[in-house]
Amino acid sequence: MITVKDFADVLETDNIQLVGGKQSINKEITYLTSMELTEKTSRMKEKGFVMTTFHAFKDVKQIISHLEWMQEIGISAIGFHTAALKTIPREVIDYSNTHSFPLFEIPQEVPYYSIHEKYNQLVNKKENEQASKIHKLNEKLMEIVLLEKDLNSIVKVIGEYINNVVCVLDPYFDLMAYWKTKEQTRDEIKHLMNLIINQHKENVLKVRFTNRETNITVKKDSLSNQNFKVAPLFSKMNFLGYLIICQNGTADKFSEEVIKNGIRALSLAAYNKNTLLHYQKSKDIEMLEGIFQGESDDKNLSDFYMDLKKVRCIFQVQSSSPETIQSKLQMLSESLIENETNSRLWIYNRKIVGVIDSILDRERVATILTDFPGIRIGVSAIDEVNHCSKIKAMYDQSSMGLLHGHIHDAQLVFWDEMGIEKIAYNLQSHHLFQNFDEELLGPLIAYDLEKNASLTETLYTYLKHFFNLQKSSGELFVHPNTVKYRLQKITELMQMDIQNPSHYSMLMMAFSIYRFKQKADHFQ
């Protein structure tokens, strides 16, 4: 940018003096032109340096009137050539000082072309200096990447050049790095980013999926709006986050180049960081899968990059459409993972497994089930991890939750909310209890098959309703007397007092195993 002061310093060597309006020496000059007629032409634009002799003007009043018009349209400075009037009228100088309108006195022997030459030389010098500065900035950005400094170092370079807010958000809209002016606080920046997401979430997401920049306007209050550029950060087809830059205020033509170089540096730095994080995640997941398979004795919590002591639960997600499991993983990642450092979410054995450091409560999951129909979720106990064997236990608990959901057609099952099934599902795998259900319920099952009867279902319903005849008959859609008759037959076949607490517990256990066997073969 060339200011009135910059040009005044150059013109002074040819004895061209700034004689008025020195209060506005920081105004920008973007072009030079000459004017000799009194007409108010549309070719006059803002930020110009106008050279004139005023020889066509009939008096000082007309000159002042023209100066007023030029100031209104944004002319930056006037060069009064003394070829016609040997001295500048006092009234013109007074107007210049009173209205802070820079006024230069050009000696009569100085031609306009020499002033044009000086301006062009100054432009070239400024552009060369700026190009050199941009080159050094670019080198600095690349040095930051090579030295593996954090993203804030890159953002600082961009922010200090454009002197405006610069922020980097991760794919989940969390603030990763930012640069602010001295007057702003971190809380103000976070509030600003929240406004952007609340007002323009769809536009911001579109930047990610189209890989194109966009401009948005954020309403801060009833009086002020701010304009922002949102640019995607990609590297080797991996989406790394968003660069958000405030565009209020003036910026020179090199700002875009600085931003472009900054995006390249941020993408490289984020990719390097992402590559390291990906490696760490992969190693953690590899060891977690080993634990799931029973290899916990040879592993320690300190072997992991993530802090397993912060893990609070493990959940598993099964989809009714296995072909969509990858897309569901991406969506669940955005919904559930709050802290990437101490949470892992991946696909294992055709299910999504989440090892997370936050509590997965029912209200939180209810929203997910609404957004993602056709999935089933099993959640472990909410616990603290003090040994790798605890991870294995929590994984098995979430597996049991999924199994229970499959058997009872439930979308969401928490281990802590399961009942006797916790024991039954595991008991049947013991060699002494593999036929436990058949030993107790065998006579009823055989009778039902032979007579096409419903004694087995009747007993389960009766026990489930704690010997309540009315509720049982209502669920079975039969008369209470029919239930009584069936119960007599059941007692006769089983030769067991079903109201005995011990017998009741064994029967409910047997029914849990029986139902498990009926559906477990179809459970993936």
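For the numbers below, each heavy atom of this structure counts, side chains included, while hydrogens, waters and symmetry mates do not.
Residue K310 places its NZ atom among 12 or fewer non-hydrogen atoms of other residues, nucleotides or ligands, all under 6.0 Å distant. By the neighbour-count criterion of 12 heavy atoms within 6.0 Å, atom CD of E202 is sparsely surrounded, having that number or fewer from other residues, nucleotides or ligands. The number of heavy-atom neighbours closer than 6.0 Å to NZ of K206, taken from other residues, nucleotides and ligands shown, is 12 or below. Taking a 6.0 Å sphere around NZ of K260, one finds it holds 12 or fewer heavy atoms contributed by other residues, nucleotides or ligands. Counting heavy atoms of neighbouring residues, nucleotides and ligands inside a 6.0 Å radius, atom NZ of K61 does not exceed 12 of them.
Using modelled atom types and a 3.5 Å distance limit, the side chains of Q199 and K219 yield no donor-acceptor pair. In the model, E39 has no side-chain atom that pairs as donor or acceptor with a side-chain atom of T41 under 3.5 Å. Between the side chains of H66 and Q62, no donor-acceptor pair of N or O atoms lies under 3.5 Å. Side-chain contact annotation: E36 with H55, donor-acceptor N/O pair under 3.5 Å present. At a cut-off of 3.5 Å, with distance as the only test, no side-chain donor of E129 or S132 sits close to an acceptor on the other residue. Side chains of N15 and Q17: a donor-acceptor N/O pair is present below 3.5 angstrom, by distance only. Between Q316 and S399, the side chains place a donor N or O and an acceptor N or O closer than 3.5 Å (distance only, hydrogens not considered).
Residues F304 and M287 are in side-chain contact: their nearest non-hydrogen atoms beyond the backbone lie under 4.5 Å apart. By the 4.5 Å heavy-atom criterion applied to side chains, Y178 and V168 are not counted as neighbours. No side-chain heavy atom of T3 sits less than 4.5 Å from a side-chain heavy atom of I25. Counting only heavy atoms from C-beta outward, the side chains of L85 and T53 never approach each other to under 4.5 Å. Using a 4.5 Å cut-off on side-chain heavy atoms (C-beta onward), C167 and V165 make contact. Residues F228 and V218 meet the side-chain proximity criterion, which asks for heavy atoms closer than 4.5 Å. Annotation: side chain of K309 is not in contact with side chain of V385 (no heavy-atom distance under 4.5 Å). Counting heavy atoms from C-beta on, the side chains of T214 and K229 never come closer than 4.5 Å.
Interatomic distance, H99 NE2 to L67 CG, rounded to the nearest 0.5 Å: 10.0 Å. Between atom CG of residue L11 and atom CZ of residue F104 there is a gap of 5.5 Å, rounded to the nearest 0.5 Å.
Residues S76 and K27 share a closest heavy-atom pair of O-CD, 3.7 Å. In plain terms, the two heavy atoms of P102 and S24 that are nearest each other are CG-O, 3.7 Å. The nearest pair of heavy atoms linking R376 to A410 is NH1-O, 2.9 Å. Listed here is the closest heavy atom pair of L402 and K351: CD1-CD, 3.5 Å. The nearest pair of heavy atoms linking A381 to C313 is O-CB, 4.0 Å.
K126 has a carboxylate O that lies under 4.0 Å from a charged side-chain N of D6, or vice versa, which qualifies the two as a salt bridge.
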Go through the steps to decide whether F54 and H81 satisfy the test ring pair (Phe, Tyr, Trp, His ring centres under 6.0 Å), and finish with yes or no.
CA-CA 8 Å; F54 287 109; H81 200 288; over 10 Å; no

Residue pair N124, L122: steps toward the side chain to side chain contact (heavy atoms under 4.5 Å, CB included) verdict
CA-CA 5 Å; N124 291 334; L122 183 58; over 6 Å; no

Check the pair D357 / R312 against salt bridge (Lys or Arg N to Asp or Glu O under 4.0 Å), numbers first and verdict last.
CA-CA 5 Å; D357 63 356; R312 287 296 170 265; over 6 Å; no

I'd like to know whether Y119 forms a ring pair (Phe, Tyr, Trp, His ring centres under 6.0 Å) with F49, so could you lay out the CA-CA distance, the side-chain angles of the two residues, the decisive distance to 0.1 Å, and finally the verdict.
CA-CA 10 Å; Y119 179 77; F49 181 92; 8.1 Å; no

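Checked against a 6.0 Å centroid threshold, the rings of F292 and Y348 count as neighbours.
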